[in-house]
S.K.: 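Could you have a look at this structure, given as structure tokens, before my questions?
Below, each value reflects all heavy atoms present in this structure, side chains not excepted, and no hydrogens, waters or symmetry copies. Residue numbers start from 1 in every chain, and the chains themselves are labelled A, B, ... in the order their sequence lines are given, proteins ahead of strands.
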2 protein chains.
Amino acid sequence: MLFWKKGFSTTSTRDLQTVVDMRPGSIYSAFGSKEGLYSESLKVYATQLKLLLASHIENSETVVDGLHAFVVTVLESAEDGCEVCMLIKASTEFDHTQPKLKTLTDDLLQQFEHDLSTLFYIAQQRGELANTHSPLEYARLFQIQFTGLRSYLHRPMSKPMTEQLIGMMFTLIKNY
Amino acid sequence: MLFWKKGFSTTSTRDLQTVVDMRPGSIYSAFGSKEGLYSESLKVYATQLKLLLASHIENSETVVDGLHAFVVTVLESAEDGCEVCMLIKASTEFDHTQPKLKTLTDDLLQQFEHDLSTLFYIAQQRGELANTHSPLEYARLFQIQFTGLRSYLHRPMSKPMTEQLIGMMFTLIKNY
DNA sequence: TTTTAACTTGAACAACTGCTCAAAAACAAC
DNA sequence: GTTGTTTTTGAGCAGTTGTTCAAGTTAAAA
């Protein structure tokens with residue numbers, strides 16, 4: 001999606017018109033505003049991310065393996081300009097001057113953190129991970145690591161290190 | 001700086017005029033273009049970051065303590081909109097369609113990574129850290145952790161966790 | 001087939017964008 | 001004080017922005 005690549009304010013409505021193949025009137029009667037269209041795509045992004053994670057958890061032996069597979073998929077399928085999570089990009093773009101988009105972003109991020117916490121709770125119950133830290137603390141570590149990693153892989157010549165850095169990430173999590 | 005807060009393309013030249021108190025003609029005779037002015041401020045940002053790091057290293061017993069103090073200072077003095085490193089923000093904003101700004105950003109980030117490597121090399125020489133990984137690997141871990149942390153602290157109600165998360169970051173580094 | 005309702009179109013809007021350039025002001029050398 | 005040089009000014013340009021709205025098209029109901 002174009003909003004993912006370029007962000008909200010640097011994407012023009014004319015670009016959007018061509019990419020969704022609608023004329024201004026139709027867009028504005030369907031979404032109300034550029035903001036409305038963005039909101040909708042951010043929600044779609046969040047649900048798809050959630051679904052992708054869920055499917056990897058289901059198809060893996062352990063929760064940790066599922067998270068690992070999820071990270072691999074996300075990082076390896078990153079197209080140009082979409083290396084960074086759209087939610088993270090949104091959270092750095094909006095402040096109190098765009099209250100609606102800010103609170104929406106915060107809510108979706110909180111939702112994702114909660115989903116992760118649940119997964120880490122299950123991982124602990126199954127004995128995959130230690131009980132030295134709370135599920136929420138694990139979720140925070142995961143997010144910080146994931147965000148930092150995706151940002152780092154935005155640099156030139158960094159692709160070959162992807163596998164090694166993911167390995168590092170999960171070593172850190174397992175030893176946490 | 002305004003460019004730090006809002007990024008390159010969402011900062012208008014009129015806003016810049018008021019903040020640097022110059023009229024268009026003066027700005028364009030001094031910097032050539034909006035791009036030139038941005039380049040200059042990014043360079044200034046990078047040198048100031050380097051100086052800040054160096055001063056914390058000098059005033060600390062160990063290299064690791066210096067890095068710790070540096071991180072604390074950066075995270076606690078983060079004003080509104082400047083939670084994320086300007087270099088990181090720049091690296092997510094520019095792609096091949098803005099080659100000059102992209103390569104400048106990449107170069108400055110590479111420089112910073114090199115400086116960090118040197119510091120971690122010294123830390124290893126002094127026996128502060130293990131030799132299980134190369135200085136460059138330590139530098140990468142630091143950057144990923146630092147970037148992820150700063151992004152995470154952009155969320156609402158996260159300020160009280162700052163200290164704890166920095167603690168986590170350095171525990172991970174020491175055990176790496 | 002006619003009437004009504006719903007959707008789509010694209011020209012046009014006011015505001016904003018990065019940037020230019022002739023004129024004015026400030027400064028320097030003599 | 002006069003000349004020459006450098007710097008600053010701000011009105012204005014051509015292009016883009018998000019958005020509107022009357023007119024046109026399509027689809028459903030009668």
S.K.: Between atom CZ in A:Phe31 and atom P in C:dC7, what is the gap in whole Å?
M.R.: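 After rounding, the gap between these two atoms is 13 Å.
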S.K.: Looking only at side-chain N and O atoms, does A:His56 offer a donor or acceptor that is under 3.5 Å from a partner on A:Thr73?
M.R.: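 Checked: A:Thr73/A:His56 side chains pair up, N/O donor to acceptor below 3.5 Å.
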S.K.: Atom OH of B:Tyr28 to atom P of C:dC19: distance rounded to whole Å?
M.R.: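 Checked: the OH to P distance equals 3 Å.
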S.K.: Roughly, in whole Å, what's the span from CE in A:Met22 to C1' in C:dG10?
M.R.: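 Rounding to the nearest Å, CE of A:Met22 and C1' of C:dG10 are 16 Å apart.
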S.K.: Thinking salt bridges, do B:Glu113 and A:Arg155 make one under a 4.0 Å N-O criterion?
M.R.: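 The answer is yes: the pair qualifies as a salt bridge.
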S.K.: Let me spell it out: for each of A:Phe8 and A:Gly25, pick the nucleotide of DNA chain D with the closest heavy atom. Which residue's pick is nearer the 5' end?
M.R.: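 Looking at the nearest nucleotide for each, A:Phe8 comes out on the 5' side.
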S.K.: Both conditions, 6.0 Å and 45 degrees, for the charged tip of A:Lys50 above the ring of A:Phe112: are they met here?
M.R.: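 Geometry flag: not set, cation outside 6.0 Å or 45°.
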S.K.: Regarding B:Arg140 and A:Gln164, is there a side-chain donor-to-acceptor distance under 3.5 Å anywhere?
M.R.: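 There is no such pair (donor and acceptor under 3.5 Å, judged by atom type) between the side chains of B:Arg140 and A:Gln164.
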S.K.: With a 4.0 Å cut-off on heavy atoms, is B:Ser26 in touch with a base, just the backbone sugar-phosphate, or nothing at all?
M.R.: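 It contacts base atoms.
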S.K.: Just how far, in rounded Å, is P of C:dG10 from CG of A:Asp21?
M.R.: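 My rounded result for the distance is 11 Å.
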S.K.: Would you kindly say whether B:Glu76 and B:Thr162 are connected by a side-chain donor-acceptor distance under 3.5 Å?
M.R.: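 No - no donor-acceptor pair under 3.5 Å links their side chains.
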S.K.: For B:Ser29 and for A:Ser33, locate the closest nucleotide of DNA chain D by heavy-atom distance; then report the residue assigned to the nucleotide nearer the 5' terminus.
M.R.: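 Whichever sits nearer the 5' end wins; that is B:Ser29.
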S.K.: With DNA chain C as reference, determine whether A:Ile27 or A:Arg14 sits nearer its 5' end, using the nearest nucleotide of each.
M.R.: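 Whichever sits nearer the 5' end wins; that is A:Ile27.
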S.K.: Take atom CZ of B:Arg23 and atom P of C:dC19, then tell me their distance rounded to the nearest Å.
M.R.: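 Between P of C:dC19 and CZ of B:Arg23: 18 Å.
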S.K.: For A:Tyr28, enumerate each residue passing the ring pair (Phe, Tyr, Trp, His ring centres under 6.0 Å) test, keeping only those at least two apart in sequence or located in another chain.
M.R.: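 In terms of ring pair (Phe, Tyr, Trp, His ring centres under 6.0 Å), with neighbours along the sequence ignored, A:Tyr28 is linked to no residue.
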S.K.: Nearest whole angstrom, please: distance from the P of C:dA11 to the CD of A:Gln17.
M.R.: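 After rounding, the gap between these two atoms is 12 Å.
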S.K.: Answer yes or no for B:Arg150 and B:Phe146: cation-pi contact, defined as NZ/CZ to six-membered ring centre under 6.0 Å and angle to ring axis within 45°.
M.R.: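 The answer is yes; both the distance and angle limits are met.
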S.K.: Which part of the nucleic acid does A:Thr11 contact within heavy-atom distance under 4.0 Å: base, sugar-phosphate only, or nothing?
M.R.: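 Sugar-phosphate: the residue A:Thr11, judged by heavy atoms under 4.0 Å, touches backbone atoms but no base.
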S.K.: Please tell me which of the listed nucleotides, C:dG18, C:dT9, C:dC19, lies nearest to the side chain of B:Ser12?
M.R.: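 Taking heavy atoms from C-beta onward, the closest nucleotide is C:dG18.
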S.K.: Given atom CG of B:Asp15 and atom C1' of C:dG18, what is their separation to the nearest angstrom?
M.R.: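 Checked: the CG to C1' distance equals 13 Å.
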S.K.: Can you pull the contact range of chain B along DNA chain D, 5' to 3', using atoms under 4.0 angstrom from its heavy atoms?
M.R.: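 First and last nucleotides in contact are D:dT8 to D:dG12.
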